[in-house]
Number of protein chains: 2
Amino acid sequence: MGGEKWVRLVTAQTPTNIAVIKYWGKRDETLILPINDSISVTLDPSHLCTTTTVALSPAFQDDRMWLNKKEISLAGGRFQSCLREIRKRATDVDDKEKGIKIAKEDLQKLHVHIDSYNNFPTAAGLASSASGLACFVFALAKLMNVKEDLGQLSAIARQGSGSACRSLYGGFVKWRMGNNEDGSDSLAVQVADENHWGDLVILIAVVSSRQKETSSTSGMRESVETSLLLKHRAQEIVPKRITQMEEAIKTKDFASFAHLACADSNQFHAVCLDTSPPIFYMNDTSHKIISIVEKWNRAEGTPQVAYTFDAGPNAVLIARDRKVASELLKRLLFYFPPGADVELDSYLIGDKSILNDAGIKDLKDVELLPPPVGDISNQQYGGDVSYFICTKPGRGPVVLGDESEALLCPLTGLPK
Amino acid sequence: MGGEKWVRLVTAQTPTNIAVIKYWGKRDETLILPINDSISVTLDPSHLCTTTTVALSPAFQDDRMWLNKKEISLAGGRFQSCLREIRKRATDVDDKEKGIKIAKEDLQKLHVHIDSYNNFPTAAGLASSASGLACFVFALAKLMNVKEDLGQLSAIARQGSGSACRSLYGGFVKWRMGNNEDGSDSLAVQVADENHWGDLVILIAVVSSRQKETSSTSGMRESVETSLLLKHRAQEIVPKRITQMEEAIKTKDFASFAHLACADSNQFHAVCLDTSPPIFYMNDTSHKIISIVEKWNRAEGTPQVAYTFDAGPNAVLIARDRKVASELLKRLLFYFPPGADVELDSYLIGDKSILNDAGIKDLKDVELLPPPVGDISNQQYGGDVSYFICTKPGRGPVVLGDESEALLCPLTGLPK
């Protein structure tokens, strides 16, 4: 070390996740300890993920961070907590390939550069903080040769953003609220991996919104302070649902899975409404999507599609299989055709092959879609959805070995 | 009696009411017994009321009813329950003025004609069934010389439409859920009369809706069957709120009144959302109105306006006094100017003198309204509100003595 010129880089990719049993309410604001367990589905990182390159070099003057090409402040308590916890657990690095040796004492003193990039719009309410903080922790842990397992890393990521802890695993993940005051047992465990229930297809409707949203951090604080229903939910209702949801996932019981996911999403939004002042995350478009799914499920006699909404109006729709997903897409495109000047190619992103399954090649095919059977009004809402993403349950974090994928320059440690 | 040609008429007028602690959920569907107490404000019948003329004649062949000039069926169980309960309690009529004597046994056999008219749009979600059934029962009771007091009549009206029982009194009214299995103690009592809190001004925004609504009868049945939060609300939360609301009304404590009314409206809608499938009564316009009121109340440091929403998107806004009401009207007219081709005269109905207080003479004045202080976006939503009604707390049912106000012809007993 000392006056040397080396830069050590690690690049990692981490998925985002969507809760199907919701986390809403903290019992400890600093450690980010929740008032109930939650369960999520990890989304395929090929469509929604954060890529983060972290770097160490004796040449760095400060800890610095860039997000989506813009430098941002690392001063926030949440970044600092994660950074401190990772540095605490650093062990000697011996990178034979690059010939770099760093003692753990030095790791604690060296500055880091962090460059992070989401392959999806950050502001669209798609849990960018979950994948972002998970990737931050995972990449730094690899950089500093931290030996803790994923569960222990999840407890660190939790201190950056609660739901980030669930992004440390692929497939289906439970965040155990834990009992310890220091939060050491509030961490994620995998319920089933991403190959367990390969049939599921996920369609996300990114909904145009005219209203500013309450951040989930302040929203859940206000719910804890003012909702008289939240405590009852957390103590009496969620524990049973967690057990039922784990069972539904393990036995691939789609009817139970859908019933629980929809009911829990609605109850989370009910608690938001019971908050003073009330919080509205869903809008008329969200309501319309729910009513489309509910009507269809009822007509079929058994659930075909589950819906869940986080702290925003976007719908995350989970179809029981690909056939249902292509039918779902046709229905959604009928009700929500793209607005003027929107190309099909940018209106459905992610796994575009679902368009073939649905027999849709271009916008003409969208215009020719027939109204769903049983709908009388056939009212359409062009422009109310910004775009759709088709994806599926996906894998957990990985290290990207190829230096060409790094966001920081291996010579300077600055953004490429 | 016998072959005589007489027609006995009674005409009554009954107000509608808006709950400030909500009724949602029945413990008995037939008797209409609720799972919790509720409290309402009776609205001034000069602006919102039902007028009903009931008639008896030996010449009538059948029980018949007209609503808003159209004949409707009386076969429904709810009308029949009320009619049966009133007939049961009939006492001898001795109308000296008209020279008509009817023995109670004959009253039970004679057919009735009923003609009912709402001075406001029936389908607008303005509790027309509350004033309608209350007027039905009140007028029939007078017609058949029923001696029971208003409380006992309210228990009969309750069997027609739950919330109708609260329309038997003016001012502020509590519906006691009662304990008896036969429902005999599930009735309305007056908390305070309409002169007790003369400062309050009520502004109703009738909101345009693009979605069909779930009827409150089926909605509350589904909530009882599926919402895990409703029972907790009814048993643990509402009883405390009832006590607090009675106290707030008695002491004219507007801050408590507003806090309780808003929280309870939101909680009722939260329970609707927690129902499977979820019920959405409020829409984006309702949400926008709530956010306007919440922001203003917070900026003032103490509540100026309370809001409450029933089973529909319409906002009922209760201003602490006339000055606040005129300010409220200006804000609402800024955000929700009338749609194209709508005249001011039909856009604000009821007590139009509030327009003078607000300094608004014509549509030009509406266009010149400045954006409320502190609003940055200043987005406007022309056409999202159909019209406004300005009113105030009002009196209970009355008999209209003047035969010229009767809806049925005094000679034929048929609609005029």
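Reminder, nothing fancy here: chain letters follow the sequence lines and each chain counts from 1.
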Engineer: Rounded to the nearest 0.5 Å, what separation is found between the OG atom of Ser286(A) and the CG atom of Asp284(B)?
Structural biologist: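 Ser286(A) atom OG to Asp284(B) atom CG measures 8.0 Å (nearest 0.5 Å).
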Engineer: For Leu229(B), is it the side chain, the backbone, both or neither that has a heavy atom under 4.5 Å from a heavy atom of chain A?
Structural biologist: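 Its backbone and side chain both get close to chain A.
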Engineer: Flag the one option from Arg233(A), His259(A), Glu294(A) with the top tally of heavy-atom pairs under 4.5 Å to chain B.
Structural biologist: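 Ranked by contacts with chain B, first place is Glu294(A).
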Engineer: Could you tell me how the ring of His287(B) sits relative to the ring of His287(A): parallel (under 30°), tilted (30 to 60°) or perpendicular (over 60°)?
Structural biologist: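 Because their plane-to-plane angle is over 60°, the rings of His287(B) and His287(A) count as perpendicular.
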Engineer: Against chain B, label Ile290(A) side chain, backbone, both or neither, depending on which of its atoms sit under 4.5 Å from a heavy atom there.
Structural biologist: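 The side chain, not the backbone.
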Engineer: Please check if the number of heavy atoms outside Lys252(B) that lie under 6.0 Å from its NZ is greater than 12.
Structural biologist: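 Count over threshold, so yes.
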Engineer: Could you list the residues that satisfy salt bridge (Lys or Arg N to Asp or Glu O under 4.0 Å) with Glu327(A), not counting sequence neighbours?
Structural biologist: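 In terms of salt bridge (Lys or Arg N to Asp or Glu O under 4.0 Å), with neighbours along the sequence ignored, Glu327(A) is linked to Lys330(A), Arg331(A).
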Engineer: Could I get the full list of ring pair (Phe, Tyr, Trp, His ring centres under 6.0 Å) partners for Phe334(B), not counting sequence neighbours?
Structural biologist: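 Result, ring pair (Phe, Tyr, Trp, His ring centres under 6.0 Å) vs Phe334(B): none returned.
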Engineer: Does atom CZ of Arg176(A) have more than 12 heavy-atom neighbours from other groups under 6.0 Å away?
Structural biologist: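 12 or below, so no.
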Engineer: Return the NE2 to CG distance between His232(A) and Leu228(B), rounded to the nearest 0.5 Å.
Structural biologist: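 One finds 7.0 Å between NE2 of His232(A) and CG of Leu228(B).
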Engineer: Roughly how far, to the nearest 0.5 Å, is the CD1 atom of Ile237(A) from the CG atom of Asp274(B)?
Structural biologist: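 The distance works out to 6.5 Å.
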Engineer: Checking Tyr347(A) now: which residues fulfil ring pair (Phe, Tyr, Trp, His ring centres under 6.0 Å) with it, not counting sequence neighbours?
Structural biologist: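 Ring pair (Phe, Tyr, Trp, His ring centres under 6.0 Å) list for Tyr347(A), sorted by chain: Phe388(A).
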Engineer: Which of residues 264-273 of chain B have a heavy atom under 4.5 Å from any heavy atom of chain A?
Structural biologist: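 Checking residues 264-273 of chain B against chain A gives Asn266(B), Gln267(B), His269(B), Ala270(B), Leu273(B).
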Engineer: Are there over 12 heavy-atom neighbours, none belonging to Lys26(B), within less than 6.0 Å of that residue's NZ?
Structural biologist: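 Count over threshold, so yes.
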